[in-house]
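Quick note: numbers below take in every heavy atom, side chains included, and nothing from hydrogens, waters or symmetry partners. No experiment lies behind these values; they were computed from the predicted model shown.
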Amino acid sequence: MDRIRYCAGRVLRALVTMAVVLSAVFLLLRLLPVEGYFGSRSDAMSDQVKEQVLRELGLLDPWYVQLKNFWSSLLRGDLGKSVVCRRGVDVVKIIGPKAAVSFRFGLAALLIEKLIGIPAGVLMARHRGQLFDRLGNIFILLVNALPAIVYYLLLQLGGSGLLGIRMLYTKGDIRSCILPVISLSLGGTASTAMWMRRYMADQMNMDYVRLARAKGMTSSQVSFRHVLRNAFVPMAQSLPSSVMFTISGSLYIESLYSIPGMGGLLITAIRRGDNPLVQALVLLYSGMSIAGMLLGDLLMALLDPRIRLNSE
Amino acid sequence: MGVFAEFHFQNRANERLSEREGQQATDDMFVLADGNTAEAERAGAPGYSYWRSTLRVFLSNRASAGILIFLLLLLAFTFLQPLLPDQKAPTEIFIDPQTGTQYRNVPPNAEFWFGTNSIGQDLWSRVWYGTRISLFIGLCTAAVSAAAGITLGCIWGCARRWDKLFTEIYNVFDNIPYTILRMLLIYILRPGLSTMIFVMSLTGWVGMAKYIRNQILIYRDREFNMASRCLGSSRARIIVKNLLPQLIPVIMLNTALAVPGAIGSEVFLTYIGLGLPVSMPSLGTLINEGRAVILVAGQRYQLFFPALVVSAITVSFYALGNAFADASDPRNHR
Amino acid sequence: MKENRHRSERGTTGRRRSLLLLLLVASLAAACSCRNRGGSTEDSGGENTEDSGGENTEDSGEENAETDGREGSTEGNTDTGGSGNGMFNNGRELAAAQVVKTVYSEELSNWNYLVADSATAWANYLDNLVEYDNYGLCRPCLAESWTRSEDGLVWTFKIREGVFWQRWDGSLYGEEVRAADWVTTAKYILDPSNAAQTADLLFIFRGARDYYSALAEGKMADFGSVGIRASGDYALEFTLAEPVPYLLAILYNNWVYPTSGKYLEEAGEGFGLDNKSILYCGAFLCRDYEPESRRIDYANPSYWDRGNIHIERIERRYNAEAGTLAAELFLRGEVTTAAIPANQLDAWMSDPEKRAMLRPSRSSAYSYFFLFNFRPNFPEKYNIPAWRLAVNNENFRKSVYYALDRRAAVQVYDPYHTENFILRTITPGNFAAAGGSDYIRLGGLADYTDNDQHDEAKALGYKLRAVEELTALGVVFPIRVYMPYNTGSANQTNLAQVVMQQLERVLGTDYIDIVIDGYPDANYLNTTRRAGNYAFMLCSWGPDFADPFTYTEPFVIGQSYSCIYMADGMADAVGEEEGGKPGVDGGFWKNSVYDEMVRAADVEKVDIAKRYGALAEAETWLLDRAFVIPLGTLGVTGYVASDLNPFESQYAPFGASSSRYKYQYVYAKPFSGEEYGRLYAEWEEERARRIAAAQEAGRDY
């Protein structure tokens, strides 16, 4: 019961936050110039036709009327249609398939990240200062030292040449997914390993570990029975967010491999002034970020009985 | 820059966990007894200076001392380079006097130490100029984020009345996708050095403030603070003397990581066409220019040098941040 | 103890699994074969980089992509029709698979050709009334023939019978393409509530403007009053408001695509959202489309002129990094055409094997020039009042004019054949000719075309005079010259730096201080040129029809180029009631010296030599006063590696013709620079011969 009340309260507050975020972005978008809507014919177009284009987009109304219209159609569940990027197409129909593509790639990468990153982090923490730890640290450093924009490209050119596979992603060709998934997971693997190692190390410094050791438990017993569990809790908190945000894709990787995902969509939409599309994306991303946090807290409460949720 | 992006996320996890651990103590539980600071001071442990200990622990690690020296040298060289003799201007296009055309794509030689780019500009001076600009952006962003984050975090953590308002502001900032905020602001404000620093700082403080606030909530009511309060310490004194030292490790790590983080953001913004103007070549510009010729074996030096500098800076700050975080943890001052 | 082991096992399973995965990845990768260009199988190389899904928008900086011609003579000596191994055309081996593969970096943003701002994207899907052959001569397409009334006002087109509307998959929709379908198109575009971007192009027809205005004001209007009507199932009649001698040349616009009225009504809001929501009547059908992924066209088996389609499939892959990757994709055989960007050129040129695959791009008719702004609206800190005085001083403009070194600037685009792209006139060469002479050598233009205009001594001479005159007016030197550039284009970014330093080096920083400032690609012209937000800037203009008159348009009253009519003494500012034309500043202008010259030239519609001579005189006038500093044809520059023959393509210097793949073949090997040069010479000669023949026969072409 408590939990339900807590959730309801959180959701309600989240809705208010989202309303503020959306309105703020809506108004910021109105500060941008309108000339983008006239396309390449801007010079040759007569004022009469220009005005008509703006009128049909509803951009000639005062801002408060526009805001009101936006909210009333949003409350009716209508996110609107793209006006520039893919004119006339429902934004949901644009985002849906793209999100699905990014999600598939992201999930595969996330799986690899966690499957490699967590064990690697645990091992590094257990063998602090030894060979494996050093190798792991070198890997983490390498991944972070080089700008991603450079090593993704190197990986694509080198990897596809070496393995003799296509450079671009081709639908239905599983081999063409290998390099993008590996690229996607590199950063995450490094960060998962790094944080896992850190959490483990933090826990190992705790008094209860010393007590357990004093009690006669072996170091590996302590590690797996107590430390890992405790160290895993903070990791779990971010899991729902990580899973959800896989749909936002990666600009660099999707650009390089021709993956029709979400990566560049937001940037293109802002660049070209496709307001309904930007608004829908803001709604999606802020909704996900709020929901991710809520789910993360719930998950953590499940894993760690010391955490009590209350609706403070 | 995956690790850095995730930093805030993971941090949040920590905070949330600890946030609910401590028992809440409220002001009305305390009545001030008579006493003065001088007397309270005498109760402190004698002969312990936080910063001196931090420095001692830090320098006792030879690797981190080495990195610190390297970074200082790099910084010094970056800023001294234009004063050295025979330096070229970073944006000047050099003309071959024999052919009257630009010195295009000249590989590194005695005249152009790092070679030239596709229109005949000297890469050696460009790399150092770019490093200067990028480090400046990074350091400014880190400093502004840290200062704003700490101040706001402290107020947020201590002023219960403002907690709700601050939380809402935080929620709004935290839930606008940063890309949108940055892009829109750059479009509205025009790309430039100050715009760049502004948009990066605008989102940089958020994570820090939240973290500080949570830590304050945790430590505020710990036994040693209650004790301190019982001894009559003022609130400001508790924050500065008791709470902040606990937070220094994470603040240091966060700040150190903000520098390479800002460089990464700068590379990204340049990639999407919102970088600095060409009159101000930055590492982001150089990386993006170099990246375009990655396919041409003979011109890869154009990518190699700027990438090398970015890597060196990133690794140093990363290692330094970690080492300093360890050293500044009072628990390690034994 | 037990649980413990269990845990540790899980830890290692995780590792084992990941190892397995890596192994799997590696073995899968090893299993597939390595395909490379040179390994003869699969695909042919190719030509024609994608035309970025859009039009020649000057906003998008330079287009490395080559949008150019391919062959097309039906009467050509075609040895073979189809495809297959060992097939030859004109003695050259064809690729085994007639498949064009390209990458493009800008997605088609609008499938509704009735609303879109350009007609390019549908060039392969919909046929027009007319089409161009590979020598740039007009010929019948969906209109079998046409007649023109004596006063030139009424044009009647006889529509081809037996062409049927098809769906994206090739199935018949059940309607024939009839004259009424062009009326449907016009009616839709002229309905203001559809916000069609090309509505004003139809205002050349009688009654169209009034019709549009009436509807926009919410009044009733009768389409019967508009000069576009079907006078029978197969007869289409256009009535113009005033004679348009180049009507045939503007028949590539959106309004010349037919639309099935029945389908339009049926689809309603759903019309033109993707490849499946338009009907086809062209040479290719878009059967596979996913935004930001691919667009694949198949030859239309029931096309009315099937015999002239040789390419079976056009595979366009979207890649946001096409500029960086295309060259490598070509070497690996993943595309048949790639533009080689300027910064990768040295590597291709120095490798003989690669060099043999490289040929120059066919230069476009997009003319680039520097303009001085007479309507300065740039940031105050760059001293607008001083600029106003400077820009109105002819000696100042001339000092800059003679100081500019075109070679140094254009080298940024192409360091190897720089001269091919340099222009000293606004109208490019080979665009129009009269009396056996190229337009750019008519009258005073010959002097500009044949003499290098870069003259530092002259520049310094004008500088001295300008300093004297401007100092007298109280101007403090240096004059700050605010010069925006497009950050979306690497070439334009480099060009800005080169020109800035080159001018400052010649003229001295005590005289001018050029401030370059980058603006992002999206909305670039809107934030800079159109807003008056510049002092000195690289601008461009592409032709709309094959008459040099088209190049006068940027400089007349009402255009947001440099507003020459606002220069001192060049026109009169008047009130609206005095019959002035609206300028971009909101005021009204009349008696522009330049406009009058152009108007006088345009009066002559029959004697081409006289008409072009007068237009050349007007252009010379602009150059004499250094209002414009021509630079080059930089719309398409650089080099292409491609398996298509550029001279087989349908060709016109304007419009969508060069995007059509009809008549073209894919060859087994790419064309080299030498072959290109030979083919170009042959093409030029043949084109001149055909034009002369058409002129002699009095045919419209």
Problem set entry | Top contributor to chain B interface from C:Met500, C:Arg505, C:Glu328, C:Glu321 [non-hydrogen pairs under 4.5 Å] | C:Glu321

Exercise. Hey, are the side chains of B:Leu269 and B:Glu266 touching, using non-hydrogen atoms and a 4.5 Å cut-off?
Worked result: no

Problem set entry | Which portion of C:Gln502 sits near chain B, non-hydrogen atoms under 4.5 angstrom | neither

For this session: Please tell me if the side chains of C:Leu634 and C:Val410 come closer than 4.5 Å, counting only heavy atoms from C-beta onward.
Result: yes

Seminar exercise, completed: Assert top hit (heavy-atom pairs under 4.5 Å, partner chain B, pool C:Ser350, C:Gly518, C:Pro520) equals C:Pro520

For this session: Please flag which part of C:Val412 lies under 4.5 Å from any non-hydrogen atom of chain B: side chain, backbone, both or neither.
Result: side chain

Exercise. Can you find a pair of side-chain heavy atoms, one from C:Tyr511 and one from C:Glu504, that are under 4.5 Å apart?
Worked result: no

Problem set entry | Most chain B-contacting option - heavy-atom pairs closer than 4.5 Å, from C:Ile516, C:Thr324, C:Asp346 | C:Asp346

For this session: Pick whichever of B:Gly275, B:Ala292, B:Gly298, B:Gly273 has the most heavy-atom pairs under 4.5 Å with chain C.
Result: B:Ala292

Problem set entry | Partner of C:Asn486 by side-chain contact (heavy atoms from CB on, under 4.5 Å), out of C:Leu495, C:Leu538, C:Asn491, C:Asp521 | C:Asp521

For this session: Measure C:Gln411 against the heavy atoms of chain B and call it side chain, backbone, both or neither at under 4.5 Å.
Result: side chain

Exercise. Do B:Arg190's NZ or CZ and the ring of C:Tyr519 fall within the cation-pi criteria of under 6.0 Å and 45°?
Worked result: yes

Exercise. According to the interplanar angle, ranging from 0 to 90°, do the rings of B:Phe114 and B:Phe305 count as parallel (below 30°), tilted (30 to 60°) or perpendicular (above 60°)?
Worked result: parallel

Exercise. Considering only heavy atoms, which portion of C:Thr487 lies under 4.5 Å from any heavy atom of chain B: side chain, backbone, both, or neither?
Worked result: side chain

Problem set entry | C:Gln344 portion near chain B, given a 4.5 angstrom heavy-atom threshold | both

Exercise. So, are C:Arg424 and C:Glu419 salt-bridged, with charged N and O less than 4.0 Å apart?
Worked result: yes

Exercise. With only heavy atoms counted, which part of B:Ile93 is less than 4.5 Å from chain C, the side chain, the backbone, both or neither?
Worked result: both

Problem set entry | Under 4.5 Å from a heavy atom of chain C, the part of B:Ile95 involved | side chain

Exercise. Taking side chain as C-beta onward, heavy atoms only, is C:Asn494 less than 4.5 Å from B:Ser118?
Worked result: yes

Problem set entry | Side-chain ion pair, B:Glu111 and B:Lys88, N-O less than 4.0 Å | yes

Problem set entry | Under 4.5 Å from any heavy atom of chain C - which part of B:Gln102 | both

For this session: Sort B:Gln121 into side chain, backbone, both or neither according to what part of it lies under 4.5 angstrom from a heavy atom of chain C.
Result: side chain

Problem set entry | chain B contacts, top residue of C:Val498, C:Val515, C:Asp405, C:Thr527 (heavy-atom pairs, under 4.5 Å) | C:Val498

Exercise. Considering only heavy atoms, which portion of C:Arg407 lies under 4.5 Å from any heavy atom of chain B: side chain, backbone, both, or neither?
Worked result: neither

Exercise. Are C:Tyr413 and C:Phe421 an aromatic pair by the rule of ring centers under 6.0 Å?
Worked result: no

